[in-house]
Each structure stands twice: as structure tokens, then as C-alpha cells.
Amino acid sequence: MTEINLTYNKKELPTRYTRLGVLLLAIGLVFGIVAFITDQNRAVFNYLIAYSFMISIGLGSLFLIALEYIVGAVWSVPIRRIVEFFAATIPFLAILVIPLLFNMHELFHWSHEEAVAGDEILEGKAPYLNVPFFIIRVFVLIGIWSLFYFFFIRNSKKQDTTKDQNLTKLNIKLSAVFIPVFAISITITAIDWLMSIEPHWFSTIFGVYFFSGTVIASLAAVTLATVLLKENGYLHPSITNDHLYSLGGLMFAFINFWAYIAFSQFMLIWYADLPEESFWFLQKWNGNWAVFSILLIIIHFVVPYAALLAHPAKKNPKRLKFIAVWLLFAHLFDLFWLVMPESNQLSEGYSFSWIDLVFPIAIVGVLMLIFKMKAKKENLLPIGDPKLKRGLEFHL
Amino acid sequence: MAEKKIFGITALFKDPDSIISAAKKTSLSGYTKWDVNTPYPIHGMDNAMNIKPSKLGFVTLICGLSGTTIALLLMWWTMSVDYPMVIGGKPFFSLPAFIPVTFELTVILATASTVAIMFAFFFGLPENSHPLHDTDYMKKVSRDHYGVVIEADDPKFNETVVKDFLKSLNPVSIDVIYYPEKETYPIFEPKFLGVLAATAIIVSLGTYLTLNSLMYIEPFNWMMNQDKIIPQSKSEYFADERGMRMPVEGTVARGFIPYPYLGELIPTEVLLNPSISTKAILELGERKFLTYCSPCHGDFGDGDSRLRGQFQNPPTLHSDRARNFSDGMIYHIMTNGQNIMPSYSSQVSREERWAIVNYIRVLQRAKNANEHDVEFAKNINIE
């Protein structure tokens with residue numbers, strides 16, 4: 001069997017990535033500020049979508065890292081750094097969240113004391129849904145995630161030089177703790193940011209719904225980065241289409257998972273048809289929101305499902321690149337569908353505004369910059385990982 | 001004893017690397033009927049053996065899609081065509097409610113029929129064993145060895161050439177595998193089938209008798225016992241212990257229109273005859289009159305009852321009084337009753353009562369025809 005060459009020469013990403021990232025971020029920043037000045041309400045809702053998207057990428061990636069350790073996956077070791085770079089979004093959430101906290105009254109009906117008074121349901125929920133506790137939750141969760149991120153990464157980085165196998169064992173233990181914490185915290189996050197914008201509504205599966213989208217988004221980001229880096233020769237030559245196949249397979253699985261969860265949520269509410277639950281879906285059927293609802297099924301399920309169904313499709317880099325971009329958009333669209341109909345000015349139906357385009361541009365910029373920054377500091381291959389050789393040798 | 005038939009020639013290897021290289025060389029050598037056996041899946045084997053992507057996926061796809069179709073057709077036919085039922089106020093064909101079943105049937109047909117097809121075609125039913133089973137080779141490759149087998153079915157097969165080729169791969173050992181001597185199918189043997197049937201019968205009978213006769217548990221009660229109040233049963237829940245509740249006061253039964261002039265001698269409002277004397281209506285009226293009214297009033301309304309004095313004879317319906325009744329008055333008498341004549345509203349429906357009124361009008365005109373009527377009757381031809 002041919003020996004795999006484990007020597008790794010670090011190759012810098014070109015500086016034009018940084019320039020492009022800065023440009024996109026600058027565009028986003030400038031127009032974002034204009035948006036906040038001209039139409040605060042719309043800007044805040046859009047910002048919430050962008051922020052949730054960042055949570056998806058960061059937290060989803062951290063989950064993927066933990067998943068690799070806990071199940072002892074081998075194939076993903078050579079591309080774990082890419083996942084780690086995306087997980088680096090997490091500490092930045094503490095900064096990114098600030099504009100939202102200053103505009104809570106625009107977002108959250110329950111944050112108005114006069115609205116809560118006399119509203120039986122909101123009064124009942126007030127011990128949980130109140131401004132101080134909300135802010136505490138937000139920062140405690142970001143803190144916990146950052147802590148886990150920090151330890152995972154520190155161990156992984158340390159291994160590059162020490163080649164110490166115990167660091168892998170340590171990370172396995174860390175994952176075992178992280179995964180339940182992740183499950184609870186992502187549920188809280190979904191309830192706080194996405195469900196409580198309609199505080200009268202409730203759905204017990206909502207956390208899982210957000211989770212399914214989160215994993216899709218982070219997988220798509222990882223796949224896109226892997227294919228692009230591979231095409232441009234930044235990855236180890238032993239990272240083949242078989243590795244891509246695993247990514248494609250996971251994406252395919254989670255597309256199904258999302259559809260399963262989304263449909264479960266819909267069907268139970270549709271079947272029982274209780275006014276206190278069904279109004280949320282009716283809101284998303286109001287005016288031309290119905291078109292968005294139908295499109296969501298097509299964009300988030302039908303198209304990617306068909307595109308990834310066949311075996312060869314899951315290892316075709318071109319197809320994967322396209323589907324990865326598609327799925328990133330699909331998750332954004334999903335969040336848009338969750339959030340936008342709840343804004344008062346759009347409750348009757350959607351009407352276009354340039355503000356809706358601004359924040360996604362900024363997201364791309366921010367992610368590019370974070371990725372570039374990490375890639376500059378760290379190796380693109382976890383050269384000290386004991387599973388690396390087997391990971392590179394991975395074949396279907 | 002006939003000469004034994006060769007199934008194939010095997011070669012054993014000690015480690016995964018040599019089996020991979022052996023597989024690569026064999027696939028390059030041009031043999032087509034050959035296989036590799038290893039104790040666990042070896043990554044990269046498909047590549048080394050140069051195996052084309054399996055077509056089984058298409059079988060699965062087609063089976064899955066037929067599951068989708070069958071499920072949807074089944075539910076469409078049963079739930080919205082053959083026996084439509086209102087469930088939760090949903091439309092008869094309501095896709096969301098059908099999706100779980102569709103999903104299940106898709107998955108189950110896709111998987112089950114893939115397995116079935118694998119058994120039928122790839123495992124060679126009714127053969128229940130493979131010549132490689134029960135050989136030392138199989139024992140070794142399911143433990144700590146890795147083996148290659150080149151089958152005799154291969155068009156290029158030649159015993160000495162194959163042996164030489166396998167030797168060139170540096171195996172630990174080489175073996176010739178023969179077909180088993182007896183060419184029978186054990187799964188068709190009467191003994192086997194008998195044991196199978198006996199097991200099925202004993203297990204089911206045993207379960208049934210134990211549960212039903214020894215433990216007095218109904219094996220399947222098909223939901224007969226449910227925590228619900230059934231008709232005519234008592235209920236502890238209500239103070240009066242009636243399981244069946246009285247309808248709310250003022251409830252009107254479906255298809256029933258209350259008659260507001262009950263007990264009145266003459267209805268306080270004028271009732272207009274809503275039906276028109278078409279042929280069909282008159283025939284209906286005739287039929288109903290003969291059924292319900294003629295026993296007392298006679299076939300032509302003359303008051304000549306067939307009751308032979310057991311009930312007081314009614315007056316003729318051709319009196320001036322009866323002829324001057326309004327349609328509504330006759331309807332009222334039928335609905336309300338008059339003196340000893342009982343009400344017919346429970347036997348004869350509204351439409352039928354109005355039809356009878358029309359028919360009585362025909363009888364009255366026929367019995368009391370004037371010259372004009374005679375002229376008129378001459379001009380119409382009666383079929």
C-alpha cells in the first residue's frame with residue numbers, strides 16, 4: 001500500500017480573501033447603519049436573522065467537532081480544522097448580539113411592560129420572558145459555548161506540536177459533556193430569539209427544528225470551504241472525493257431530518273387545529289407569505305433532496321459546491337420565513353426592501369474574515385492528531 | 001461416484017494490505033467471476049476490486065416510489081371515494097394527514113423489497129447455502145484471514161492457470177472448493193417444511209390457549225373494551241346516571257321541520273301548497289293515499305272503509321265541506337289529525353302529504369266533473 005505523506009507545508013491563503021471580506025463587511029456595515037436609521041424595525045428583524053445565522057454556523061460547527069470526537073469518526077479528522085475555523089464565530093457572538101439588545105423593544109412584544117400587564121398568557125410567561133433574565137441567558141450561553149470552544153481548540157492546537165494522544169481522549173470527554181449542554185442551550189436559544197418574537201405561540205419541537213437547520217448550515221459551510229480549498233490546492237492531496245461523499249451523505253441525512261421535524265411540527269398543529277397554535281402557521285399563510293411557505297418546502301427539501309439522492313452526486317465536487325451554497329441560502333430563507341412574518345409592518349404580506357439584502361452580505365464578509373484570520377494563525381491540517389493517518393487513508 | 005464439480009479456487013492472505021493488492025491484481029487479470037471475503041469491511045476494497053456502482057439503488061428507488069403511489073391511492077380510494085368520512089373537519093383528501101402513512105409505506109416497501117430481491121436474485125433462492133459455507137476457507141475468512149475466490153463459472157477459468165495465478169499473489173494457502181455432492185434444496189424437504197408448520201401451529205395455539213383458557217385474557221379484543229359510554233349504558237359521571245343524554249331543549253332533529261299549528265282546529269296562518277301537480281307527484285300522492293288513507297276513506301275517498309265497522313267510518317271527501325277545504329286545511333288535518341282521525345305526520349313525510357293533497361284534489365274533480373270537464377277529458381289522450 002502506498003505510504004501517505006504526512007509532512008505538511010503550510011500554505012497561506014491569498015490576501016485578496018481578506019480584501020474581499022473587508023469590502024463585504026464594509027458594505028454591510030455602511031448600509032446596515034443606514035438601514036437602522038431609515039427603518040429601524042425592519043433593520044432589527046433582518047439583523048436578528050443574520051445573528052441567528054451566525055449562531056447556526058458557529059454552534060453547528062462546534063457540534064460537528066464534538067460529534068467527531070464522541071463517535072470516533074476518522075474520515076473527518078483531516079478537515080476538522082475547517083470546522084474549527086467556522087466554530088471561531090462563537091466568541092464574536094458576544095459582540096454581534098449587542099445591537100439586538102439595544103433594540104429589544106422593536107423585536108419583542110413581551111419586553112413592553114404595558115403589553116404584558118393584563119395579558120394572561122404573557123403574565124404567566126413573565127418569570128421567564130423578562131428583559132434582565134433574557135440578557136443573562138444570552139451571555140451565559142455565549143460564555144458556556146466560548147468556554148467549550150476554547151478548550152476544544154486549545155487541545156486540538158496543542159496536539160499539533162505535542163502529538164499527545166491524551167488530548168484526543170480529553171476532547172472526547174469534553175464532547176460527552178458538551179452534547180447535552182448543546183442540546184439544552186440550542187433549545188433555549190431557539191425559544192429566546194426565534195420563538196419569543198411571537199410570545200403567545202409555543203411548539204415543543206421548535207428547538208429541534210432550529211437544530212436541524214443549524215447542522216445543515218454548518219455542514220454546508222464546511223463543505224463549501226472544503227471543496228473550494230481542495231480545488232485551489234490548499235488541502236492535503238489524500239483528501240479525496242470519498243471524504244466529500246461523507247459530507248454529502250451527512251447533508252443529505254440532515255435535509256431529511258429537517259423535513260421530518262418541520263413536517264412533524266406542522267402536522268400536529270394542523271391536525272389539532274387549536275387556535276392558540278395554528279395562528280402561527282396562518283400568519284405564514286397570510287397574503288404572499290403563502291408563496292414563501294411553499295417555496296420553503298421546495299428550497300429546503302425538494303431541490304436539495306433530489307440533487308443529493310444519487311450515490312455519485314454526493315461525491316461530485318461541483319454538485320456539492322452548488323448544493324452547499326444552495327443550502328446556506330435555504331437556511332437563511334428558513335430563518336427569514338420564521339422571523340419576518342412576525343414583524344408588524346410585514347404581517348399582511350411581504351414587500352421588498354433593499355434592507356433585506358444588506359445583512360447577508362455582511363455575514364459572508366464576517367465569516368470570510370474570521371476564517372482567514374484563523375487560517376493564518378493555524379495549520380489547515382491537525383498534524384498531531386493520532387487518527388490523521390487513518391483519516392487521510394479513508395476510502396469508501 | 002460421479003466426479004465432483006469444482007465451484008472455485010480460493011487463496012488466503014494474512015493481512016488487509018495483501019488482500020487489497022491481491023484484489024487489485026485479480027481485477028487487472030481479467031477474471032470476471034471472482035470475489036473477496038474478509039472478516040470485516042475493508043475501506044478501499046470497492047476501488048481495488050474495481051466494482052461498478054451497484055444498480056440495486058434503482059431497484060430501491062422504484063420500490064420506494066411504488067410504495068408512495070400505493071399508499072396515496074389506497075388512502076384516496078378508501079378515505080375519499082369509497083367510504084368518505086369527516087375526520088376533524090378536514091377535507092376527505094387531506095394530504096398532510098396522509099403523509100405519515102405514505103412515508104412509512106415508501107420506506108417499508110423500499111427496504112423490505114430490496115431485501116426480498118436480494119434474497120431472491122443475489123442469494124440464489126431456493127439454495128439455502130453457498131458452496132463456500134462449511135469450508136475451512138469460510139471459517140478462516142470469518143476469523144483472521146482474508147481470502148480471494150475465483151469461480152469455475154468464469155469464462156477464462158482453467159484449474160492449473162488459476163492456481164498458478166493465485167500462487168503468484170503469495171498467499172498463505174490455496175484450496176479447491178467443490179460443490180456439495182447432493183444437489184437438493186433443503187428448504188423444500190418435507191421434514192423441514194413440516195417442522196416449520198408445526199412450530200407455527202404449536203406457538204400460536206400455545207399462546208392462544210395459555211392466555212385465553214389458562215389466564216382468561218382475551219388475546220385480541222380488537223378495541224372492544226374502551227373507556228367510553230356506549231348506548232343504553234349507565235354512567236357514574238352524571239348525577240342522573242343516564243349514559244345517553246337528553247338533547248338540549250329546542251333541539252331539532254336533522255331533516256325534521258317542526259309544525260307550529262299542532263292542536264289548532266284550523267291553522268292560524270294560511271298554508272300554501274308548495275308542490276306542483278306533475279305526473280310524478282300525483283303518482284306519489286296516489287301511492288301514499290292508497291297506502292295510508294284508503295283503509296278508512298276508501299279507494300276513491302267515498303268514506304267506504306275496509307274496516308268492517310271496527311273503526312268509525314269517516315265522512316266522504318267529496319262533500320261540499322271537504323271540497324271547499326283549502327289545500328292547507330287538508331294538509332293540516334293529515335298533520336294534526338281531526339277528532340278521532342289520528343295524525344299522519346310521523347308516517348308520511350311533508351312532501352308526501354302535499355302530494356296526497358294534490359291527489360285528493362284530482363279525486364274530487366273526477367267525482368264531481370261538470371260538462372266542461374267531460375269535454376276537456378275527451379280531448380286529452382290517456383296512455
Side-chain angles (χ1 to χ4, degrees), chain A residues 1-4 73-78 238-243 245-246 249 252-253 256-275 277-278 281 285 293-294 297 301-302 305-306 308-316 387 389-396, chain B residues 13-25 36 38 40-65 68 75 79 86-91 93-104 106-107 110-111 114 146 169-170:
Chain A
M1 215 173 187
T2 45
E3 255 319 300
I4 284 196
V74 169
W75 65 270
S76 60
V77 173
S238 295
I239 295 176
T240 62
N241 288 352
D242 290 357
H243 292 85
Y245 177 83
S246 304
F252 185 65
N256 285 292
F257 182 62
W258 177 87
Y260 194 99
I261 298 300
F263 179 71
S264 303
Q265 172 169 291
F266 168 76
M267 196 193 73
L268 289 186
I269 290 175
W270 170 84
Y271 217 126
D273 207 7
L274 301 175
E277 292 174 349
S278 58
F281 275 106
W285 205 252
S293 298
I294 299 281
I297 304 172
F301 176 65
V302 178
Y305 178 88
L308 283 181
L309 181 60
H311 180 101
K314 297 190 193 80
K315 29 168 36 171
N316 179 343
K387 291 186 290 182
K389 179 167 172 296
R390 283 200 293 140
L392 287 171
E393 283 167 4
F394 172 78
H395 284 293
L396 284 178
Chain B
F13 298 87
K14 260 285 181 215
D15 58 303
D17 282 357
S18 37
I19 189 72
I20 290 261
S21 78
K24 272 185 191 150
K25 281 183 194 147
V36 166
T38 59
Y40 54 88
I42 293 182
H43 283 311
M45 185 52 85
D46 284 12
N47 260 342
M49 291 176 70
N50 197 14
I51 291 180
K52 298 275 163 298
S54 165
K55 295 271 174 293
L56 198 61
F58 288 100
V59 176
T60 313
L61 180 69
I62 289 165
C63 294
L65 286 179
T68 317
M75 284 178 292
M79 311 274 295
V86 180
I87 300 174
K90 304 283 190 270
F93 189 90
S94 46
L95 196 59
F98 294 173
I99 283 191
V101 173
T102 312
F103 172 78
E104 296 298 339
T106 305
V107 172
T111 49
T114 306
Y146 309 81
L169 301 175
N170 289 326

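Hydrogens, waters and symmetry mates play no part in the numbers below; they use all other heavy atoms, side chains included. So you know, we letter chains A, B, ... as the sequences are listed, proteins then strands, and number each from 1.
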How close do P96(B) and F263(A) get, heavy atom to heavy atom, and via which atoms?
O-CZ, 3.2 Å
In Å, rounded to the nearest 0.5 Å, how long is the span from CE of M267(A) to CD1 of I99(B)?
9.0 Å
Least distance between heavy atoms, H395(A) atom then H43(B) atom:
O-ND1, 2.7 Å
Under 4.5 Å heavy-atom distance to chain A, tell me which part of F103(B) shows up: side chain, backbone, both or neither.
side chain
How about OH on Y260(A), more than 12 heavy atoms from neighbouring residues, nucleotides or ligands closer than 6.0 Å, or not?
no
So which atom in W270(A) and which in K90(B) form the shortest heavy-atom distance, rounded to 0.1 Å?
O-NZ, 3.1 Å
In Å, rounded to the nearest 0.5 Å, how long is the span from CD1 of I87(B) to OH of Y271(A)?
5.0 Å
Taking only residues two or more places apart in sequence, or in another chain, which ones meet K315(A) in a salt bridge (Lys or Arg N to Asp or Glu O under 4.0 Å)?
D242(A)
